[in-house]
Amino acid sequence: MQRAHNAGKVCPGFRRILLASVAVLSLAGAGAQADDQGTGEKSFTGNGLWSHEMRDYALDALDSKNALSVAAIPLNGPGIEQFINADQAMSPGSIMKLITTYAALEILGPTYRWDTDFLTDGEMVGDTLKGNLYVRLGGDPKLTIERLWGTLRDLRNMGIARVDGNLVLDGTVFRVDGGFPQFNDNGDNPYAPFLVEPSAYLTNLNLLHFEVRADERGTQAWSTPQLQDVVIDNRVTSTAAGPCPSRHNFDWKPIFHEDQRVTVRVSGQLPKGCRTTTYLSLLPHEQYTAALVRSLLRDMGITIAGNNLIAGTPEDAHLLMQTTSPDLVTMVRDINKWSSNVMARQLLLTIGSENRLEDEKDDRVAGIRVVYNWLESKGINTAGMVIDNGAGLTRHGRISARQGAEILQRAWNSPYAADLMTSMPIIAMDGTMARRLRDTGMAGEGRIKTGYLENVRSIAGFTRDANNTTWAVVGMVNNDPAWNGQAVLDRVLYSLHYQPPTGTAISQANAGTQATTIQ
């Protein structure tokens with residue numbers, strides 16, 4: 001997920017201001033007016049009014065006329081396209097994940113899966129595997145502890161209690177030339193989950209879940225998974241029962257040793273009956289995965305005598321076990337609902353690895369090329385667009401609101417439109433939209449991907465108005481600061497729902513009657 005969820009309180013008076021604007025927006029005559037010669041009919045589009053209202057609100061809230069970019073396009077009913085600074089290339093944040101996941105659905109297919117194989121170049125003699133145990137990783141974005149445990153358990157069920165050789169990790173599925181562009185975070189925690197980079201060796205999102213509980217015995221601390229390379233120095237003291245403190249009241253400090261082991265020192269005070277938790281990414285992917293596999297085997301009573309090695313799998317190795325991931329649709333849902341950066345970046349690498357040219361040495365670059373070509377095949381003008389890493393966790397990524405809305409138009413007509421839409425957070429109900437636009441009557445009225453970076457707030461997705469018309473909408477705020485950009489974007493969604501820019505046509509019939517129809 002991004003460094004901070006797209007949650008927060010709407011600025012004071014937000015709902016009151018929005019409700020007041022409904023009455024103003026209903027005056028369609030204030031929009032562009034055109035005489036239809038020879039018909040006796042005047043058309044009031046309301047087009048200029050809606051965007052003018054949004055511009056004015058953004059100017060007041062952000063103190064900048066260029067900070068807000070919006071594109072809103074009706075998809076299946078009455079409505080007038082709306083564009084505010086829509087051709088300005090903006091930093092999008094996590095809404096870039098919609099491009100990556102939509103592209104993956106069409107390029108890889110919704111039933112695409114990742115395989116992780118366990119092989120050996122030896123043979124089983126009694127309760128011993130005489131040979132190396134190879135783990136041929138397939139780039140799975142979410143190879144969890146539970147799936148690894150279920151697969152490795154088969155080795156124990158085969159009667160194996162000892163591996164006489166080495167544990168060999170094979171990450172040749174991906175090509176990465178020189179690493180990834182650095183993301184300059186403004187936070188103070190380089191071990192935060194949202195900063196985990198993609199890797200062929202990724203397992204369990206490369207995370208350790210630390211927990212401390214207090215009871216009558218004092219405090220106990222542990223991590224999941226429990227890795228021999230990570231030790232906890234628990235300095236949390238137990239106090240009398242009382243309100244449980246915020247997790248921010250605790251200091252988690254990793255100390256790295258020359259032998260590659262890590263001590264995590266945690267301090268603070270914890271009332272009896274309370275707990276505190278945190279997630280940290282502390283080990284390189286290769287070290288983490290080797291330690292995780294050894295830990296799970298150790299819990300099953302299986303020891304590995306040899307060392308941890310990084311190497312390819314020999315051609316004569318034979319398969320022992322295999323675990324296959326859930327399908328791509330399931331992965332896409334995890335990525336978009338909770339804005340998983342590492343899973344989105346892993347997905348871009350997969351697109352690249354499956355479509356790389358013979359001379360391409362970097363699957364990130366190959367993936368970006370493939371996505372650009374795919375977009376252009378759909379008639380999308382990609383000029384000025386910068387995909388970078390597929391997750392939006394970058395200071396370099398750029399897209400215009402018009403480009404984003406046109407991509408959503410294509411997605412609406414895709415065979416996999418339902419799969420993409422169900423992956424997106426539902427307004428006021430779940431994911432990163434769970435706390436937004438509550439008590440506005442809009443719960444369930446849209447599926448919106450959100451974005452959050454320093455000086456960036458963004459939304460993209462599909463929302464339904466009061467006329468049951470679905471709109472493709474993209475909104476971005478790039479401003480220093482952008483702390484109130486969320487309220488501006490929430491207002492865009494609110495206004496689009498309750499007072500959509502549909503326009504009216506007023507006709508003077510021969511009998512002197514007047515009829516008003518929605519355009």
Quick one: do Glu211 and Arg275 satisfy salt bridge (Lys or Arg N to Asp or Glu O under 4.0 Å)? Show the steps, please. CA-CA 7 Å; Glu211 187 166 349; Arg275 68 168 185 167; 3.1 Å; yes
**Message:** As a quick check of understanding, evaluate ring-ring contact (aromatic ring centres under 6.0 Å, His included) for Tyr416 and Tyr112, giving each step before the final call.
**Reply:** CA-CA 13 Å; Tyr416 312 120; Tyr112 185 91; over 10 Å; no
Test Thr100 against Ile335 for side chain to side chain contact (heavy atoms under 4.5 Å, CB included), laying out the working first. CA-CA 10 Å; Thr100 306; Ile335 291 170; over 6 Å; no
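Between Trp374 and Tyr102, the two ring planes are perpendicular [angle over 60°; tilted spans 30° to 60°]. Relative ring orientation between Phe462 and Trp412 is described as tilted, the plane-to-plane angle lying within the 30° to 60° band.
With sequence neighbours left out, Arg147 forms a side chain to side chain contact (heavy atoms under 4.5 Å, CB included) with Asp140, Leu143, Thr144, Thr323, Ser325, Pro326.
Using a 4.5 Å cut-off on side-chain heavy atoms (C-beta onward), Trp114 and Val173 make no contact. Using a 4.5 Å heavy-atom cutoff, the side chains of Asn336 and Leu420 are in contact.
Taking the charged nitrogens against the carboxylate oxygens, Arg464 and Glu445 do have a contact shorter than 4.0 Å, which makes a salt bridge.
At distances below 3.5 Å, at least one donor-acceptor pair connects side-chain atoms of Asp170 with backbone N or O atoms of Thr172.
Sorted by first and then second residue, the pairs that involve residues 377-400 and meet salt bridge (Lys or Arg N to Asp or Glu O under 4.0 Å), not counting sequence neighbours, are Glu106-Lys378, Arg364-Asp388, Arg395-Glu454.
Taking the ring axis of Phe118 as reference, the NZ or CZ atom of Arg136 does not stay both within 45° of it and closer than 6.0 Å to the ring centre.
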